[in-house]
Each structure stands twice: as structure tokens, then as C-alpha cells.
Number of protein chains: 2
Amino acid sequence: MPPIDQTADRARAMLDAFGRANVMAAECPSRALLQHLTSRWGVLVMAALATGTHRFAQLRRRIGGVSERMLAQTLQQLERDGFVHRHDHGEVPPRVDYALTPLGQQAAGHIVSLVGWLEDSLPAILEAQAAGATASPDRSARASA
Amino acid sequence: MPPIDQTADRARAMLDAFGRANVMAAECPSRALLQHLTSRWGVLVMAALATGTHRFAQLRRRIGGVSERMLAQTLQQLERDGFVHRHDHGEVPPRVDYALTPLGQQAAGHIVSLVGWLEDSLPAILEAQAAGATASPDRSARASA
DNA sequence: CTTCATACTAACATTCATGTGGGTACTTAC
DNA sequence: GTAAGTACCCACATGAATGTTAGTATGAAG
């Protein structure tokens, strides 16, 4: 094997830094965006908002396990990225609505399809895990040899 | 507003814990799976493997910024979950191939569509961010009032 | 009058994720 | 002989992520 492989990989990363976005390149802005969308709470917020406008407390109840701090932080992040729109009614007691922007709706579409697939396939996945677990006794093969 | 809203939210989470998977429920197994798939390196590994079988070092070069430790850890996680298949040729020097399982291919499909959309939409997203940043001078509205 | 709810922020504590450096057993290239 | 490549693991250290608690101004419900 010539070093062509390695060189090609590096060249590809370089090229993409220019004209086209590439999440595989660490410095590409798309990498950060992806991480926000796929962050622990980011995915769930996007999925929740995909079903329509929500208020803060409503999201908090909907998404099991989020703390106020994390929800607020995640929403701000997604707002900065342009995926979520925040509408403050300026009333008191506070009333704020969160909704997806057009871009957010597109992103959310892909996210819900992943999440939906996961939920639908859970049984199959758990089966596969169980089957795989019993069929992999070669974990210590190297140590014993 | 009656407390029906809150009760309904809780009831929904409870219900889903039984028959149907729901990522919104913190204890649902699907939540953990989702986090593995959408983890910092998990998404990228899945996306990389979606283009075919790779060797360890090949993945490491492809995915900008991964350390060996994280790549190994991520691959093991995905293998345990049943999304990735590891084939050790048992040769020396070591030679190990990583590929997606059928389930992994399905999951990867959704992931690449998200990633692909992100890469294609990056310009539009950056524009939206810039536009939104200039149009939101009401950050200190509450403090000044 | 007390409590709860709203939508947060700030400070502090902690846990988890991640990076770093070193090591293994062996082969190939220089 | 020396350096590099392979596919990792282990111990240690650090930083980022997350949780916890307290607090704000106000209205509605009990």
C-alpha cells in the first residue's frame, strides 16, 4: 500500500475547507452546527418543536430529564444557529414561545425521521443486541493466545 | 389553563414506557441508543462507514480531530449497540475491518441525510445567522426597563 | 397570606467526556 | 539498526457538560 491513501485523505479535507462544507473536517463550521443539532438535548428539542410551537415550561415537561439550565442553554444555542425562533410576549408573568424557523423545520425533518426510525426499530435493535452478545465469546481471544 | 396539560404530559411519558418506545422518556432504552448515534464521534463514524468498510487507521484519518482513544471507544459502543460489525482478521500486524450491520445501514441512512442537508445548506444557514444577529438588539430590553 | 406557576440567570459543585503520553507485538521500509 | 505503521489499552489530567440551589417580578388560585 502506497501512501496515496493517506495523502488523498488529507487532500480531501483540505479541498473541502474551501468551496464545499464537510463535517469530516474538524475546522469546518458545519461540524459545530452538527454538534449543536445532535447534542444531548438539542436533538430532543428539535424533535419536540417539530410538532409545533411550545412554551418553555411545556418543553421542559415534554422532554424527560432536562434541567431548566440545560433547556435554556440549548434553546439559546439553537436560536443563535438560526434553527429556533423565540417570541417573547413581554408579558408578566413571563410568556415566551419557541418555534422552528424554516431552516429549523428542514433540519428537524431529518432528525424526526432518525428518531422515528429508532423508536420503531427498538425491538429489532434490542434483539440484535441480545443475539450479538451471546455470539461474541472471542473478546479475550488475544489475551489467551 | 387547567393542570390537564401537565397531567397529560406525564401520562404520555408513562404510557410510552410500556408498549411503545419514546425518546422523550428519560428511561426509555431508545434514549441511550439515540445518544450513542448522535454522540460527538458517533455521528461521524456512522457517516463515514455509510460509504463502506474501513480499517481503524483509515477512519482515524478520515474523521478530522478524533483521537485513537475516542475512535476505539465509539466503535466499541456502536458495536455493542449492534450498528457496527467488527471483523478481526487475526493477522499480525493487526488488521481489523469495520462495517455497518443491516441495522446500522438503516440508521446511517438517516444520519447521512441530515449531514448531507447540513453541508448543502451551510451557506444559507450562515446567512440566516448573520441576518438574525444584526436584527436582535433587544437582548438587554429587560435590564433597561 | 401563602403557595404555585412563569422564564429565566448566576454561582457553585460534580460528573463525565475527552485528550495525552506511553506501551505492546510484530512487519515492512529505509 | 532505526523509524514508521497497525490496532489498540491503560493511567492520569483537564476541561467541558450538566446538575443543584437560590433568586427575580408578578399574577392567579387557594
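By convention in this document, chain letters (A, B, ...) are assigned in the order of the sequence lines, proteins followed by strands, and residues within each chain are numbered from 1. Basis for what follows: all heavy atoms, side chains included, without hydrogens, waters or symmetry-related copies.
Here the C1' atom of nucleotide C/dT15 and the CD atom of B/Gln35 are 15 Å apart, to the nearest Å. Taking atom NE2 of residue B/His89 and atom C1' of nucleotide D/dT6, one finds them 13 Å apart after rounding to whole Å. Rounded to whole Å, the distance from CG on A/Leu75 to P on C/dT6 is 15 Å. Atom CZ in A/Arg86 sits roughly 10 Å away from atom P in C/dA7 (whole-Å rounding). In this structure, B/Asp97 atom CG and D/dC8 atom C1' are separated by 15 Å, rounded to whole Å. Atom CD1 of B/Ile63 and atom P of D/dA7 are 14 Å apart (whole Å). Put simply, CZ on A/Arg55 is 9 Å from C1' on C/dA7, counting in whole angstrom units. Atom CZ in A/Phe56 sits about 10 Å away from atom P in C/dT6, given to the nearest Å.
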Give the intermediate values and the outcome of side-chain hydrogen bond (donor to acceptor under 3.5 Å, both in side chains) for residues B/Thr51 and B/Arg62.
CA-CA 11 Å; B/Thr51 70; B/Arg62 180 104 191 264; 3.2 Å; yes
Decide side-chain hydrogen bond (donor to acceptor under 3.5 Å, both in side chains) for B/His110 and A/Ser113; before the verdict, give the C-alpha distance in whole Å, the side-chain angles of both, and the deciding distance to 0.1 Å.
CA-CA 7 Å; B/His110 298 287; A/Ser113 79; 3.2 Å; yes
Would B/Asp120 and A/Arg20 satisfy salt bridge (Lys or Arg N to Asp or Glu O under 4.0 Å), going step by step from the backbone distance to the final call?
CA-CA 8 Å; B/Asp120 291 343; A/Arg20 190 149 277 275; 3.4 Å; yes
Distances for protein N/O vs nucleotides 19-26 of chain C N/O pairs under 3.5 angstrom?
{"unit_1": "C/dG19", "atom_1": "OP2", "unit_2": "B/Ser67", "atom_2": "OG", "d": "3.0"}
{"unit_1": "C/dG19", "atom_1": "N7", "unit_2": "B/Arg69", "atom_2": "NE", "d": "3.2"}
{"unit_1": "C/dG19", "atom_1": "O6", "unit_2": "B/Arg69", "atom_2": "NE", "d": "2.7"}
{"unit_1": "C/dG19", "atom_1": "O6", "unit_2": "B/Arg69", "atom_2": "NH2", "d": "3.3"}

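Between A/Leu34 and B/Leu44 there is a side-chain heavy-atom pair separated by less than 4.5 Å.
A/Arg31 contributes a side-chain N or O that, together with a main-chain N or O of B/Gly64, makes up a donor-acceptor pair within less than 3.5 Å.
Minimum interatomic distance between B/Ala47 and A/Met24 (heavy atoms only, all atoms of both residues): CB-CE, 3.8 Å.
In this structure, of C/dC8, D/dT6, D/dC8, it is D/dC8 that holds the atom nearest to the side chain of B/Tyr98. Comparing C/dT6, D/dC9, C/dT18 against the side chain of B/Gln73 picks out C/dT18 as the nearest.
By the 30° and 60° cut-offs, the orientation of the rings of B/His87 relative to B/His89 is tilted.
Not one side-chain nitrogen or oxygen of A/Gln76 sits closer than 4.0 Å to the OP1 or OP2 atom of C/dC8.
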